[in-house]
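Comments concern the structure below.
Small disclaimer: the values here were computed from a predicted structure and weren't measured. Proteins come first, then strands; the chains are lettered A, B, ... in the order of their sequence lines, and each starts at number 1.
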Amino acid sequence: GIQVEQSPPDLILQEGANSTLRCNFSDSVNNLQWFHQNPWGQLINLFYIPSGTKQNGRLSATTVATERYSLLYISSSQTTDSGVYFCAVMAGGFKTIFGAGTRLFVKA
Amino acid sequence: EAGVAQSPRYKIIEKRQSVAFWCNPISGHATLYWYQQILGQGPKLLIQFQNNGVVDDSQLPKDRFSAERLKGVDSTLKIQPAKLEDSAVYLCASSLGSGAGNTIYFGEGSWLTVV
């Protein structure tokens, strides 16, 4: 089946810094979503982005489907951005597969 | 709009006991998912329903796990008998449909500890 790899696995930032999270996938996808899991375990959908670029406030995402990767940009990070960021893809069928996540900690 | 509701939020049981989790999806969502998330890992799909039919249950340990979605709305996930390695968060999610283009919405999860 399709493999989803996220990097880096862990990231520590000073408040106000920018960061880029990466998601590589091993096969063509027809759906890609980025999620944020807060420290209480709640998963929130950030972007639905099978291709192209989207922005929402300080967050933006770009997916280059032909090269099988997606990037999530966080600018001017805040302590509330802490948590785990997951990339999830759907390749054929109807099954959505999650990567292992990037654990982000933003220091005040 | 109400989100995905799950209960109980927390459960501690002894190994070989049974447990059941309940999920109420967002109104009108035809697709319902149960994911298992072990600490430090990404969510793993256990079973996916489209209305009251099973779309995928290839990773459901059927010797001990069962799930049903009667009437195409609420769903229950049961574990019997539980093992220590079943300690995890069980996440229920829903979406309007199964295909590409459907955003998945998650509940807060049911945290299971097996001792």
I'd like to know if [Y] and [X] are part of one continuous hydrophobic network [Ile/Leu/Val/Met/Phe/Trp/Tyr, side-chain heavy atoms within less than 4.5 Å].
X     : Y      : result
A:V4  : A:F35  : no
B:L60 : B:L112 : yes
A:F86 : A:L104 : no
A:V84 : B:V89  : yes
A:I2  : A:W34  : yes

[X] atom [atom1]: more than 12 heavy-atom contacts under 6.0 Å:
X     : atom1 : value
B:L84 : CG    : yes
A:E15 : CD    : yes
B:K62 : NZ    : yes

In Å, rounded to the nearest 0.5 Å, how long is the span from [atom1] of [X] to [atom2] of [Y]?
X      : Y      : atom1 : atom2 : answer
A:F98  : B:I104 : CZ    : CD1   : 5.5 Å
B:T103 : A:N31  : OG1   : CG    : 7.5 Å
B:Y105 : A:I44  : OH    : CD1   : 10.5 Å
A:I97  : B:K44  : CD1   : NZ    : 10.5 Å
B:Y33  : A:T96  : OH    : OG1   : 5.0 Å

**Complete:** Shortest non-hydrogen pair, B:R9 vs A:W40, comes out as NH2-O, 4.4 Å

**Item:** Main-chain N/O of B:F106 paired with A:Q42 side-chain donor or acceptor, under 3.5 Å
**Value:** yes

**Item:** Min side-chain heavy-atom separation B:P43-A:Q37 under 4.5 Å
**Value:** no

**Fill in**
The interface call for B:S58 against chain A, heavy-atom contacts under 4.5 Å, is side chain

**Message:** Checking an interface table here. Which of residues 48-57 of chain B come within a heavy-atom distance under 4.5 Å of chain A?
**Reply:** B:Q48, B:V55, B:D56

